[in-house]
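All remarks here apply to the structure that follows.
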Number of protein chains: 2
Amino acid sequence: MFTVSTEKAAYHHGNLRDALVRTALSLLEESGVEALTLRAAARGAGVSAMAPYRHFADKADLLAAVAEQGYADLRDRLARADTAADPRQALVEQGVAYVLFALERPALFRIMFGASLGSGLPPKPPPTAGSAYGILAARVAGLVPEEKREAAVVAAWSLVHGLACLTVDGRLTPQADAASPETLARQVTGLFAAGLPA
Amino acid sequence: MFTVSTEKAAYHHGNLRDALVRTALSLLEESGVEALTLRAAARGAGVSAMAPYRHFADKADLLAAVAEQGYADLRDRLARADTAADPRQALVEQGVAYVLFALERPALFRIMFGASLGSGLPPKPPPTAGSAYGILAARVAGLVPEEKREAAVVAAWSLVHGLACLTVDGRLTPQADAASPETLARQVTGLFAAGLPA
DNA sequence: CAGGGATGTTTACAGTGTCAACTGAGAAGG
DNA sequence: CCTTCTCAGTTGACACTGTAAACATCCCTG
């Protein structure tokens with residue numbers, strides 16, 4: 001057993017919580033969701049199987065922390081894509097960024113949304129998730145009159161989210177999937193943006 | 001332990017495969033996804049833990065069979081909703097039906113799409129899934145000129161699928177969720193249908 | 001220099017998916 | 001009719017998971 005060497009390696013590990021989240025994240029992205037086990041995360045952090053319970057109530061709680069990291073990354077990504085002067089264009093770019101994020105980090109994306117691993121109850125939307133939502137909502141708000149705004153925001157969000165899910169899970173017809181996902185995302189969101197009521 | 005009584009109860013169970021799928025489905029819908037375990041399905045069918053392996057390669061294979069049942073139900077539901085004379089209206093009704101299906105049977109919906117429990121690889125889209133897709137695609141095809149048709153079909157599919165996912169997982173903002181899901185679905189898909197290029 | 005609270009460790013348990021080897025029943029062939 | 005073969009189901013075992021309870025150890029505060 002040796003830790004990452006640049007770390008403190010004190011034997012009250014220092015910052016286990018962060019180490020666990022980092023380990024969990026790389027487990028998830030390098031080996032898929034079924035490799036992300038509480039024990040594996042503990043092992044990766046060089047610590048006993050029960051240690052994580054000092055920092056997380058249970059496995060779902062660790063996953064929530066991982067997801068939160070994902071939300072922050074997604075929000076950054078959307079913000080970085082939101083640069084075009086034309087608001088319609090900016091909206092399209094956000095949509096493309098959303099889909100690409102899902103495609104590049106599919107396992108993380110599936111943890112962020114969906115199922116919350118356990119009870120079927122709503123998994124308590126974390127604050128960071130809302131801020132990603134806000135970036136998209138702001139663009140839509142600038143394009144749609146007050147009374148249709150809410151439906152339009154939900155529609156935009158649904159559209160990119162649905163496209164991301166279907167693409168990630170390989171659910172699109174081969175012909176649709178043949179073109180690069182980016183092209184497809186651009187066409188789809190473009191079509192949507194064009195149809196928005198002025 | 002007693003079987004469903006109307007069944008044969010012969011000692012080479014008769015039709016274990018179907019019994020397992022049925023048991024799995026009710027486990028799933030009555031007690032959530034974490035209750036759907038291979039052993040529990042076997043128990044429910046009155047059979048030993050290893051018996052399912054004579055009919056399914058592994059757990060994922062059972063889940064695939066359950067999902068297939070779900071696809072068939074969804075297709076029926078879409079077909080039944082597709083009755084309006086106005087094609088735009090029919091499209092909206094299909095979207096609403098899709099969202100309601102997801103909301104009424106959330107666990108099944110999550111099994112049908114998403115993750116395929118195991119490798120992150122695409123889970124081999126079953127034939128029945130395509131036929132549900134076809135019902136929606138047909139309506140869109142009647143509304144959109146040839147060259148934009150493909151993008152429009154993907155967009156419609158994405159929109160309702162995304163809305164279904166977000167609703168099921170309780171990801172919508174409270175205000176959006178306050179109205180009945182059906183109303184929301186109607187507004188959102190209506191807005192989309194209205195924006196479609198003539 | 002106490003001692004107390006946070007942080008980790010050990011041990012244990014119920015449950016899971018799945019492998020290997022065994023058994024029983026119904027059909028096939030002499 | 002009796003043997004035999006093969007499919008369908010069983011038993012037992014294994015490695016692994018998440019988690020509870022009790023114990024150990026470090027560091028900080030008084």
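Excluded from the calculations below are hydrogen atoms, water molecules and symmetry mates; all remaining heavy atoms, backbone and side chain alike, are included. Lettering of chains follows the sequences in order, A, B, ..., and the numbering in each one begins at 1.
A:Arg17 has no side-chain polar atom (N or O) that falls below the 4.0 Å cut-off from OP1 or OP2 of C:dA6. Remark: A:His55 is in phosphate contact with C:dG8, judged by side-chain N or O atoms under 4.0 Å from OP1 or OP2. For C:dT18, the OP1/OP2 oxygens have a side-chain nitrogen or oxygen of B:Tyr53 closer than 4.0 Å.
Atoms CG (B:Leu16) and P (D:dT10) sit 8 Å apart, rounded to a whole Å. Between the CG atom of A:Leu38 and the P atom of D:dA20 there is a distance of 11 Å, given to the nearest Å. Atom P of nucleotide D:dA24 and atom CZ of A:Arg54 are separated by 14 Å, given to the nearest angstrom. Atom CG of B:Leu63 and atom P of C:dT16 are 14 Å apart (whole Å). Regarding A:Leu36, its CG atom lies at a distance of 12 Å from the C1' atom of D:dT17, rounded to whole Å. A:Lys59 has its NZ atom 19 Å from the P atom of C:dG15, to the nearest Å. Rounding to whole angstrom units, CZ of residue B:Phe56 and C1' of C:dT18 are separated by 16 Å. C:dT7 atom P lies 13 Å from atom CG of A:Leu20, rounded to whole Å.
Comparing A:Ala40 and B:Ala49, the nucleotide of DNA chain D nearest to each residue sits closer to the 5' end for B:Ala49.
A 4.5 Å side-chain heavy-atom check between A:Phe101 and A:Leu108 finds at least one atom pair inside the cut-off.
In this structure, the ring of B:His161 has its center no less than 6.0 angstrom from the ring center of B:Tyr133.
Put simply, the side chain of A:Asn15 never gets that close to the backbone of A:Arg17: no donor and acceptor are under 3.5 Å apart. Remark: side-chain polar atoms of B:Tyr71 are paired, donor with acceptor, to backbone N or O of B:Met112 under 3.5 angstrom.
Which of D:dG12, D:dG18, D:dG9 sits closest to the side chain of B:Met50 comes down to D:dG12.
At the heavy-atom level, B:Thr37 lies under 4.0 Å from the strands shown only through sugar-phosphate atoms.
One donor-acceptor pair, N or O on each side, does fall under 3.5 Å between the base of D:dT19 and the side chain of A:Arg39.
Rounded to the nearest 0.5 Å, atoms CZ (B:Arg88) and CG (B:Leu196) are 6.0 Å apart.
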